[in-house]
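Below is one structure; the comments refer to it alone.
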Amino acid sequence: MASKPSARLAALTVAAVCSAASTIVLTSPAHADSVRVHDIQGSTRLSPYAGEQVTDVAGIVTGVRGYGSSRGFWIQDPRPDADPATSEGVFVFTGSTPKGVAVGDAVTVSGTVSEYVPGGTSSGNQSLTEITRPVFTVVSSGNEVPDATTVSARTVPRAYAPEGDEAANGSVNGLPLRPAKYALDHYESLEGMNVRVADARVVGASDPYTELWVTVKPWENANRRGGTVYGTYDSQNTGRLQIQSLGKPADFPDANVGDTLAGTTAGPLDYNQYGGYTLVASEIGALESGGTERESTRRQSSRELAVATYNVENLDPSDETFAAHADAIVHNLASPDIVSLEEIQDNSGATDDGTVAADATVGKLIDAIVAAGGPRYDWRGIDPVDGEDGGQPGGNIRQAFLFNPERVSFTDRGAGDATTATGVTKVRGRAALTHSPGRVDPANPAWDDSRKPLAGEFVFRGRTVLVIANHFNSKGGDQSLSAQYQPPARGSETQRHLQAKAVNTFVKDVLSTQKNADVIALGDINDFEFSRTTRILEDDGALWSAVKSLPRSERYSYVYQGNSQVLDQILVSPSIRWGGRLSYDSVHVNAEFHDQISDHDPQVLRFRP
């Protein structure tokens, strides 16, 4: 089975206990006799026995994991206590494929109780209580596995998580669990136990790691295509739950958003760095199709300019997705007049050989579009300085413009390069770029190790339209929604705020030169339409995110951990917003599907300049 990179701590067999500052400290092993599983789990997120040796902990084996970096088995005490906050299950970490143990075995386990933080302590993730360095004895086999606890809309609270303890930097680790009040507390109270969901709708498509996401709350922020929309920082969607498999990868369903796992899906409840609480299924419900189909937008009229943004996910000449991307551009996007492409890699792809040109990459896509029945696009771009724009090492990703020369013309002006900033000037009374194509403020530290905006000057039906293609800093490194810190920190947005300020300042320069200039800033903004990043881009009314013209339930271009959300945006200047008769479409062709060719959905704006 394919597995994601592991961040398992090398010192996992050493006791790990969180202090007030949530750092890992080492303790000397002690001994604890006659301890039950619920005693080990305790009524907070941290075991009261962390760092201690426990002896002959009894339980029934409910699942065995013999793959990946976290191998071992789960046990559950068939004689629970009366406290709903204390879990009756725990993971026994063996390090290698467990031998001599099977589901249904009654065992006694001796070992060291440990708090393992998936992803390492710097990730901010919660910890997983485990018994490590185990010595176990099979007492009997063929026993009935404890009944699975149902996780449903009736059991999962509406509130997501308690606010963290200020004295512990916002950590919830030391707080008593209140499983009837908070969803994260409810899931934590079931950590390691056998749980089940029934007739669960898929809200995150299957991925190559044999994972998908379901919701146990089908009404929760639902959209018409079966997803769950993330519309504010306070709408974390408590019904979401990740599903993995204890079985063979070939047996895992190829599910799309809107499908249903009919019947019962059951197995131990785990916690991992790639999604938090996860049902590791030994039994998976039957896949029932929800009928979700890829969308197609309408074709623009002769008087409408159609502008699109499309993240093609590290496209390079060695990829086998060119025909599929071309088909999406021609048939699903209806051949927009201008397409901003993000994540165009250089001609050698991820090979780190100093290549920065991307003419082969873009040329291959243009040829594929013609073969799919579309126009022969022309293109413009600027090669980055090798290794300076982030992304996959060696790939030198950048933005590029495609444009249909039968519909629009490109105004070439100046000799823009990777380090030369384009400016704003006035030509015949109208705002114009000093370099077209050109980069916006490329020396600004806001763009360190990140993509610099690409600006271009287009003419449609005699009207100049200035377009700025963006790919802002990613969310990598942000704490997860299920982190031990609540609310979680979003450290990556600091750079995006600076980037948004730089773009907003440039647009204001344009508008101060020509008040009614048609300006479009678009691309992979890597932030939500309700975020501060977007508010900074929109500052003083210079721009407006046109995705907000859609109903709230339709605002999404990306699905992450079961949350349908906006990352890709098209922002417009006041002249377009108020006078352009605009229409906006988030064209869902990728994010909701297991066989996606990109993890982003393209966006299309049509208006009359």
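Numbers for residues simply follow the sequence, beginning at 1.
There is no side-chain donor-acceptor pair under 3.5 Å between Glu457 and Thr464. Judged purely by distance below 3.5 Å, without hydrogens or angles, the side chains of Thr292 and Arg225 never pair a donor atom with an acceptor atom. Under the 3.5 Å distance criterion, with hydrogens and angles disregarded, a donor-acceptor pair is assigned to the side chains of Asp337 and Gln300.
Annotation: salt bridge (charged side-chain N to carboxylate O under 4.0 Å, His left out) contacts involving residues 525-539, sequence neighbours excluded, comprise Lys475-Asp527, Arg496-Asp527, Lys508-Asp539, Glu538-Lys548. Here side-chain hydrogen bond (donor to acceptor under 3.5 Å, both in side chains) pairs that include residues 388-398, with residues two or more places apart or in two chains, are Gln345-Gln392, Asp346-Asn396, Asp383-Arg398, Asp386-Asn396, Asp389-Arg439, Asp389-Lys452. Pairs passing the ring-ring contact (aromatic ring centres under 6.0 Å, His included) check and including a residue from residues 308-358, sequence neighbours excluded, read Tyr310-His325.
Geometrically, Arg294 engages Phe593 in a cation-pi contact defined by less than 6.0 Å to the ring centre and at most 45° from the axis. In this structure, Arg240 fails the cation-pi test against Tyr230, since its NZ or CZ atom is not both closer than 6.0 Å to the six-membered ring centre and inside 45 degrees of the ring normal.
Among residues two or more places apart in sequence or in another chain, the side chain to side chain contact (heavy atoms under 4.5 Å, CB included) test is passed with Ala324 by Ile597. Residues satisfying the side chain to side chain contact (heavy atoms under 4.5 Å, CB included) criterion with Ala334, sequence neighbours excluded, are Thr297, Arg299. For the side chain to side chain contact (heavy atoms under 4.5 Å, CB included) test, residues two or more places apart in sequence or in another chain that qualify with Arg577 are Trp544, Val572.
Distance alone, capped at 3.5 Å, is enough to place a donor-acceptor pair between the Gln603 side chain and the Asp601 backbone.
Salt-bridge annotation for Asp412 and Arg380: present, with a side-chain N of the basic residue lying under 4.0 Å from a carboxylate O of the acidic one.
Residue Thr309 holds its OG1 atom at 8.0 Å from CD1 of Ile525, rounded to the nearest 0.5 Å.
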